[in-house]
Amino acid sequence: MDVSYILDQLNDAQRDAVTADSPGTLVLAGAGSGKTRVLVHRIAWKIKVEGLSPYSIMAVTFTNKAAREMRGRIEELLGSSLQGGMWVGTFHGLAHRLLKAHAREAGLPENFQILDSDDQLRLMKRIHRELQLDDSRWPPRQSCYFINGHKDEGRRSAHIDDPGGDLYLQTMLKVYRRYEEICQQQGVIDFAELLLRALELWRDNPAVLAHYQQRFKHVLVDEFQDTNAVQYAWLRILAGNGMPITAVGDDDQSIYGWRGARIENIQQFSKDFADTRIIRLEQNYRSTGTILSAANAVIKNNSQRLGKELWTSGEDGEPITLFAAFNEQDEARFVTDRIDELLRQDYRRADIGILYRSNAQSRVLEEALIRSGQPYRIYGGQRFYDRLEIKNALAYLRLIALRDDDTAMERVINTPTRGIGNRTVEMLREYARDHQLSLWQSAMAMIQNGALTARAGNALRGFLSLVEDLAEQCSDQSLDEQVDLVIDKAGLIAFHQKEKGEKGQARIENLQELVSAARSFTPEDPDADLLREFLDQAALDAGEQQADEHEDSIQLMTLHSAKGLEFPIVFMVGVEENLFPHKMSMDDPARLEEERRLAYVGITRAEQQLFLSYAESRRLHGQENFNSLSRFIREIPNDLINEVRINNTVTRPSSFASGNIAAQAAADCGIALGQRVLHSFFGAGTVLSFEGQGASARVQVNFEDEGSKWLVLQYANLELL
DNA sequence: GAGCTACGTTTTTTT
DNA sequence: AACGTAGCTC
């Protein structure tokens, strides 16, 4: 059998990583070194050469996107479909699959539901109300953090030491206990619980564990640096006894410490898995020499590193451009102006990525892109399935699937408003608590025994029969017809039609989008209950931004969601102290290093050209902020950077920083920043900045009538005003 | 009980 | 700036 196609076109280190037959294999893969490729080819190697069945392979990733991509590329390489045989998925997805198969052993009801972060927060608010905690002193969100943090470390409330006189811990513990109680009673589990239960399932049920230890002959883990304590323990319990395991990761790209990821796991790996072979992939196929030098220069300021230096056999390429903007508007204009230029060259919009630290920054950029008529696509941000209107529709579906789902019931009992007010709901809650019933059961009971006023009782009865009727009508319908039925008959469409502005229209469109998502939904397990599968997927998967995926558009996203992606052109905006590094992370050295890794991730997304920008004044949360250039950018050697400034004080003296030279050239013509000038064709304007050197020195002028333009200084014939 | 207004709070990153 | 909550009026 000819298997050369698996190894052709790989470099030595990659080939090593693909064929290694050590029990443990740790691949330290730098950015752009062909990490996914190695994983995919290694799996193909296991199947085609070593003869493993896809059924006996488990491959774990962190995002659904990565899982999909891996599956697709394996199938492409093998030329056949994997179908359901191989376990490819996220930690959360696989844990969920496991718990569904062994619900009873895991101590869960067969029809347990997933509680997403929004549901979790709502539940927490309810608990705080019940425990009579003042929300301003005890923010519900903080309780969520507390609980999730402990769960990520594998600690349940019972594992936490007696807090003694510590009021904070006492309170948190009380909340944690009550939270566990309610979740168990309602049969719902949050994200962290998914992982923890899966771990406990294997730990406490040797027979179940043995089954999987027999089944799997090889485990592969992507983005290993992002595993948290529970995920690591889960892998260890499965593969710690000699099952071959391959971990691929990059300690320099660990950016999820804030949600429990433990970079130490990567160092721990060779201790816990016997005979581990470590293979480094350091040749980068993505970026120019200049970009790599910058990335290396930044990351070398971190202390805790396994050590790795990227190199390329390619060209140095263009210098990095750094733009100092007046404010965030000016910054956005810089980005769109450059994009216009790039598109006039041979670039497509999809070649351009705009990366920012926090989602709040996207607005200004979006507005500027709309103004300049550029289609764009935002990754991440609010997930499709997290939108209010979608969650409402899903809540109805959940009630249809399971009447006792209190979270769903709370959500839509009075949405759209139907005369069931706070008072009534409060009585329901009380009754449910006293009688250990679900809200649904309590509602039925209270109607029965006439504990409600006629008005409230009628309204409540109306709601119950609405849901029952819907369930009835849905029973023999296809999934998309069910969704369609629900959003129509529950009055959600009408509800949003009444909303003023364009918002309601957008929401209706999203609801229709949900119908088509249901139409094209294909369950992993064709025998399972379709509606439930759909609801599960909605909780675990962000829901791909379906809008115009194939249109050529500019890509906007946070630095976090950019990990794993690459673009010929990258704009990293808002490289300012307090924003990046974020001010929440500046006091803690460990978190500061994580921010630096984030900078490293951002820089290494760029293939050919990298544009950095910062604003001297930035309006954020309605307040003006004055920040200086990010320390991370100051760590990049000056000779890699072409600096464009808006005022005369060039604070980065460098023999190569051509901002100086351009300014010098301009000064020779008598032009200074802020200078009013007159152009024979464009009219009057103000000089904004300079760039380039010698004959290509250019000047940016903001014309009163024409907007801002770049002009080659030599030919512009500007008249001073 | 619904709906409006005023006020206060909050803002990192996400499976 | 945007959202959520509290309190007020109908």
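Residue numbers begin at 1 in each chain, while the letters A, B, ... track the order of the sequences. Keep in mind that the numbers below use all heavy atoms, side chains included, and drop hydrogens, waters and symmetry copies.
One interatomic measurement links the two molecules: CG of L428(A) to P of dG1(B), which rounds to 11 Å at whole-angstrom precision. We find that CD of Q142(A) is positioned 15 Å from C1' of dT11(B), with the value rounded to whole Å. D588(A) places its CG atom 15 Å from the C1' atom of dT13(B), with the value rounded to the nearest Å. D152(A) places its CG atom 14 Å from the C1' atom of dT13(B), with the value rounded to the nearest Å.
Taking only distance into account, the side chain of R357(A) meets the base of dT13(B) through a donor-acceptor pair shorter than 3.5 Å.
Two rings, from W258(A) and Y256(A), have their centers less than 6.0 Å apart.
Annotation: side-chain contact (heavy atoms from CB on, under 4.5 Å) contacts of I263(A) (sequence neighbours excluded): D251(A), S254(A), R597(A). Partners of R363(A) under the side-chain contact (heavy atoms from CB on, under 4.5 Å) rule, at least two apart in sequence or in another chain, are E367(A). A search for side-chain contact (heavy atoms from CB on, under 4.5 Å) contacts involving Y145(A) returns R141(A), not counting sequence neighbours. Remark: R423(A) engages no residue in a salt bridge (charged side-chain N to carboxylate O under 4.0 Å, His left out) (not counting sequence neighbours). Partners of F495(A) according to the side-chain contact (heavy atoms from CB on, under 4.5 Å) rule, which considers only residues two or more places apart in sequence or in another chain, are T415(A), P416(A).
Summary of the strand contacts: F62(A) and R455(A) both lie near DNA chain B, and taking for each the nucleotide with the nearest heavy atom, the more 5' one is attributed to R455(A).
No engagement by R597(A) is indicated, since no non-hydrogen atom pair under 4.0 Å with the nucleic acid exists. Residue L559(A) is classed as having no contact, given no heavy-atom separation below 4.0 Å to the nucleic acid. Nucleic acid contact class of N414(A) (heavy atoms, under 4.0 Å, all strands): sugar-phosphate only.
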Protein and nucleotides 4-7 of chain C: nitrogen or oxygen contacts under 3.5 angstrom:
| from | atom 1 | to | atom 2 | distance (Å) |
| --- | --- | --- | --- | --- |
| dT5(C) | OP1 | K125(A) | NZ | 3.4 |

